[in-house]
Amino acid sequence: MIDPAQAGLRESATFDRATIAAIQRAAETGVYDIRGWGAKRAVPHFDDLLLLGASMSRYPLEGYRERCDTDVVLGDRHASNPLHLDIPITIAGMSFGALSAQAKEALGRGATEVGTSTTTGDGGMTPEERGQSKHLVYQYLPSRYGMNPDDLRAADAIEVVLGQGAKPGGGGMLLGQKISERVAGMRTLPAGIDQRSACRHPDWTGPDDLTIKILELREITDWQKPIYVKVGATRTYYDVKLAVAAGADVVVVDGMQGGTAATQEVFIEHVGIPTLAAIPQAVQALDELGLHRKVQLIVSGGIRTGADVAKAMALGADAVAIGTAALIALGDNHPRYADEYAAIGSAPGFYDDFQDGRDPAGITTQDPELAARLDPVEGGRRVANYLRVLTLEAQTLARACGKAHLRNLEPEDLVALTIEAAAMARVPLAGTSWIPGQGF
């Protein structure tokens, strides 16, 4: 086979090999591609920001002698029982159906061990998840699959989902191979048949109707539970203002790097805006309403490290949520399954067919033999370890900036490496005082 480089052949930037393969696949099958794992194109992200550690003009805190607290209260605007979490890192909504029951239980165990919350996802609440989760957020989605008023009351908070970062404006899907008898029973669906979820709630058409729905949810929970509203990052400034006007205690903004929803690739790569661009818009909306820090902001979509956590909080988030990273902590894409990934046409680090239900790690599957590979206790330990590392990393960076609490991080602690990131994050380009779009 000829070596293209030695032959002087040049690949097209527009029609590269991945694009050619996608066109050929579409021509051969007539089917669009569905996958998970989030956007694979490079977009401005937290790596494009740097924190300004203290030196002379600022004084750092001593890591072994001076505290840097991490607790956060979510939902104290209207709810009589807001969530008090030990760390500002939560587990995002991922459904039983998309994930195995063992994976849902493991996420609950891991979150509980470090004093944070996890979230149900579409399709309802499982006893395993509720039983192992100290703080459990119940997602209220357009599909209403698995909706149970008793489960809703048994949750610690309710998250009204209007959109997700991977597919803002689009409905969910769960292919038939993952609709087991148990999943079908919880969702009142026939087993083995593809499930399509609505892209909008069936009983309202706008913000005024959402106000009524939030009041209904408050009444059914006796005004005890915080009400979150989750939006995919698109027109973030306006969406946050409308969510707050409708009565949300907490707003969740999910950037386009959100990756746990298996959906059309064209959606994943071409709809929504980066998490980095969404946070300042959300904060501006809250600031203009005089409610920043009073209505809490949770940010998700591409959070991987304690540096990401610290930078998101410096931009104005009260907490973050992780999804894909939590699955990786459980064992997703682990090299131990290299041979089995190869057998289904993938490899560790590349596996993204969450929709197929053939996950060798037993996480994104309903196959009982595969799911049994995941030990919920061991999985919970791994998730807890990962959450501890994220927290310690964020604390280390906050102390270096002279902060005694993660929430004290601020935009003044950040600079950007690129003009694009500086403009999106609204912080100066490193080595200058220039914020693009705001003059010199």
Side-chain angles (χ1 to χ4, degrees), residues 38-39 41 43-46 48-49 74 77 88 90 92-93 139 142 159-170 199-201 206-207 210-211 214 227-259 261 263 267-303 308-309 311-323 410-411 414 416 420-427 435-438:
R41 65 192 301 177
V43 297
H45 195 40
F46 294 112
D48 296 313
L49 301 181
L74 300 175
R77 183 187 183 198
T90 68
Q139 279 197 333
E159 184 172 289
V160 181
V161 179
L162 304 184
Q164 294 175 254
K167 51 182 179 185
C199 63
R200 65 176 189 260
H201 288 258
L210 175 57
T211 303
I214 287 177
I227 306 295
Y228 300 8
V229 172
K230 179 177 182 178
V231 297
T234 53
R235 297 174 175 86
T236 309
Y237 171 82
Y238 299 104
D239 290 344
V240 169
K241 281 204 166 183
L242 290 171
V244 173
D249 298 306
V250 177
V251 178
V252 183
V253 175
D254 193 20
M256 69 173 289
Q257 295 97 315
T263 192
F267 240 125
I268 294 172
E269 298 287 0
H270 299 286
V271 182
I273 64 174
T275 306
L276 188 66
I279 303 174
Q281 293 185 28
V283 171
Q284 179 186 351
L286 293 170
D287 269 334
E288 290 179 3
L289 294 169
L291 291 171
H292 187 216
R293 304 301 189 195
K294 297 177 183 177
V295 171
Q296 288 81 41
L297 174 64
I298 299 176
V299 171
S300 56
I303 302 293
D308 293 345
V309 175
K311 293 171 187 179
M313 296 189 71
L315 288 174
D318 295 279
V320 302
I322 60 170
E410 56 190 326
L414 294 169
E420 292 83 359
M424 290 181 183
R426 305 179 189 180
V427 299
I435 300 175
Q438 297 187 20

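One-based numbering along the sequence shown.
- Side chains of Leu210 and Leu162 form a contact here, defined as non-hydrogen atoms less than 4.5 Å apart.
- With sequence neighbours excluded, no residue forms a salt bridge (Lys or Arg N to Asp or Glu O under 4.0 Å) with Asp48.
- Note that the CD atom of Gln284 and the NE2 atom of His292 stand 12.0 Å from one another [nearest 0.5 Å].
- In this structure, CG on Leu74 lies 5.0 Å from CD1 on Ile298, to the nearest 0.5 angstrom.
- In this structure Pro411 satisfies the side chain to side chain contact (heavy atoms under 4.5 Å, CB included) test together with Val427, sequence neighbours excluded.
- Here the side chains of Val253 and Ile279 are not in contact, with every heavy-atom distance at 4.5 Å or above.
- Within the model, atoms CD1 of Ile435 and CE of Met424 stand 15.0 Å from one another, a figure rounded to the nearest 0.5 Å.
- Applying the 6.0 Å contact sphere to CZ of Arg293 captures more than 12 heavy atoms from other residues, nucleotides or ligands.
- For His45, the side-chain hydrogen bond (donor to acceptor under 3.5 Å, both in side chains) partners at least two apart in sequence or on another chain are Gln257.
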Pair up each side-chain donor or acceptor in residues 228-235 with any protein partner under 3.5 Å, not counting sequence neighbours, and list the distances.
none

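- For Gln281, there are no side-chain hydrogen bond (donor to acceptor under 3.5 Å, both in side chains) partners two or more places apart in sequence or in a different chain.
- Residues Val240 and Val295 fail the side-chain proximity criterion, which asks for heavy atoms closer than 4.5 Å.
- For Asp308, the salt bridge (Lys or Arg N to Asp or Glu O under 4.0 Å) partners at least two apart in sequence or on another chain are Arg304.
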